[in-house]
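FYI, the numbering just counts along the sequence from 1.
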Amino acid sequence: MIISRFSLYLIIITTVIGLLSSTSKSIRFELESGHTKCIAEDIKSNSMTVGKYSIVNPHDGQPLPESHKLTVRVTSSYGNSYHYSERVESGQFAFTAAEAGDYMACFWAADHKPTVTLTIDFDWKSGVAAKDWTNVAKKGSIDVMELELKKMYDTVISIQEEMNYLRQREEEMQDLNISTNVKMAWMSFLSIAVCLSVAGLQVWHLKAFFQKKKLI
């Protein structure tokens, strides 16, 4: 019975770790000089988010060429700027989202002749994945099992908040659909009324014209 419970704990912890890793976005991409690439992340309000970016050195052991510079800006869906760095080789950002929606991290490589291609490593974490669990373990003096259970608890809370957020977004979309349908119904009614009015005016005009010509 003890072994089965321990196995169950291991399965739960493995699932939690997998879920935690799925909430982070770590990518490597290429960017030509003079071009811009933007990456979006949907973040809910009051969620912590951290990001790190760096240019991969094409020649290990040597300094990066002067042409390998980035300008990075992170903005919310409302256009508010949360991070800006100009002509850097690497950097990081961390903030708590004040508004829900899509956040954009845009990378721009300065124009250069001849054209060069930059390889960029970008790691973006939000929610539970953005928490520094190493410091949590050090401050709390807790063992591995307790740490994993704390991760699991925070993940469950995060899932609950995410479900509430998705439910709220769904309600907003339903309200938008209802509002759009009502507006379309009124527009249809107005269009029919205008068409009938124009048709009535045409009939009245033709009738008056034929009477004037004594055709009817």
Side-chain angles (χ1 to χ4, degrees), residues 17-139 151 154-155 157-159 161-162 164-166 168-170 172-173 176:
I17 293 174
L19 182 59
L20 285 172
S21 62
S22 66
T23 58
S24 64
K25 180 182 294 184
S26 182
I27 60 174
R28 172 175 287 191
F29 60 92
E30 294 184 346
L31 180 64
E32 290 186 356
S33 56
H35 289 73
T36 301
K37 182 177 181 65
C38 293
I39 299 171
E41 177 78 2
D42 186 20
I43 305 175
K44 61 179 179 290
S45 179
N46 297 323
S47 290
M48 181 68 182
T49 182
V50 295
K52 295 180 181 180
Y53 54 88
S54 61
I55 301 175
V56 178
N57 195 337
H59 308 290
D60 290 336
Q62 298 181 12
L64 279 171
E66 186 61 28
S67 59
H68 286 51
K69 300 290 183 182
L70 276 176
T71 297
V72 183
R73 182 186 296 273
V74 180
T75 57
S76 70
S77 56
Y78 295 94
N80 297 323
S81 180
Y82 285 84
H83 172 76
Y84 179 76
S85 292
E86 187 174 5
R87 296 188 60 80
V88 295
E89 298 175 357
S90 62
Q92 59 185 7
F93 58 85
F95 60 87
T96 300
E99 49 208 344
D102 287 333
Y103 284 72
M104 300 285 292
C106 292
F107 300 82
W108 178 72
D111 198 8
H112 186 271
K113 300 296 182 184
T115 301
V116 296
T117 300
L118 310 182
T119 302
I120 303 167
D121 281 336
F122 182 41
D123 185 25
W124 197 353
K125 299 178 181 179
S126 299
V128 180
K131 185 175 290 187
D132 189 349
W133 293 104
T134 302
N135 288 336
V136 172
K138 290 180 179 178
K139 291 179 181 179
K151 286 183 182 180
D154 285 357
T155 301
I157 298 299
S158 177
I159 292 173
E161 292 176 351
E162 185 69 22
N164 293 334
Y165 171 68
L166 292 176
Q168 179 183 355
R169 291 290 294 270
E170 182 181 3
E172 291 175 357
M173 290 299 298
L176 180 61

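Closest of all the heavy-atom pairs between Leu118 and Ser67 is CD2-O, 4.4 Å. Across every non-hydrogen atom of Ser81 and Thr75, the tightest pair is CA-CG2, 4.0 Å. Considering all non-hydrogen atoms of both residues, Thr49 and Lys125 come closest at OG1-O, 3.1 Å. Summarising the geometry of Arg87 relative to Thr71, their closest heavy-atom pair is N-OG1, 3.4 Å, with the distance given to 0.1 Å. Smallest separation of non-hydrogen atoms from Lys44 and Ala100: CA-CB, 4.0 Å. When all heavy atoms of Ile39 and Phe107 are compared, the pair lying nearest together is CD1-CE1, 4.3 Å.
Between the side chain of Asn57 and the main chain of Gln62, a donor-acceptor pair closer than 3.5 Å is present. A donor-acceptor contact shorter than 3.5 Å is absent between the side chain of Thr96 and the backbone of Met48. Between the side chain of Ser33 and the main chain of Val116, a donor-acceptor pair closer than 3.5 Å is present. Distance alone, capped at 3.5 Å, places no donor-acceptor pair between the His68 side chain and the Glu66 backbone.
The CD1 atom of Ile120 sits 12.0 Å away from the CD atom of Glu89 when rounded to the nearest 0.5 Å. Once rounded to the nearest 0.5 Å, the distance linking CD of Glu170 with CD of Glu172 reads 11.0 Å.
Under the 4.5 Å side-chain criterion, counting only non-hydrogen atoms from C-beta, Arg28 is in contact with Thr119. With a 4.5 Å cut-off on side-chain heavy atoms, Ser54 and Leu70 do not count as touching. Side-chain atoms of His83 and Arg73, non-hydrogen and from C-beta on, never get closer than 4.5 Å to each other. Looking at heavy atoms from C-beta onward, Leu31 lies out of side-chain contact with Trp108 at the 4.5 angstrom threshold. At a threshold of 4.5 Å between non-hydrogen side-chain atoms, the residues Ser77 and Glu99 do not count as touching. Contact check for Trp124 versus Tyr53: no side-chain heavy atoms found under the 4.5 Å cut-off.
No more than 12 heavy atoms of other residues, nucleotides or ligands sit less than 6.0 Å from atom NZ of Lys52.
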- Verdict with supporting geometry, Phe93 and Tyr82, side chain to side chain contact (heavy atoms under 4.5 Å, CB included): CA-CA 8 Å; Phe93 58 85; Tyr82 285 84; over 6 Å; no
- Going through the checks in order, is the side chain to side chain contact (heavy atoms under 4.5 Å, CB included) test met by Tyr165 and Asp42? CA-CA 11 Å; Tyr165 171 68; Asp42 186 20; 3.4 Å; yes
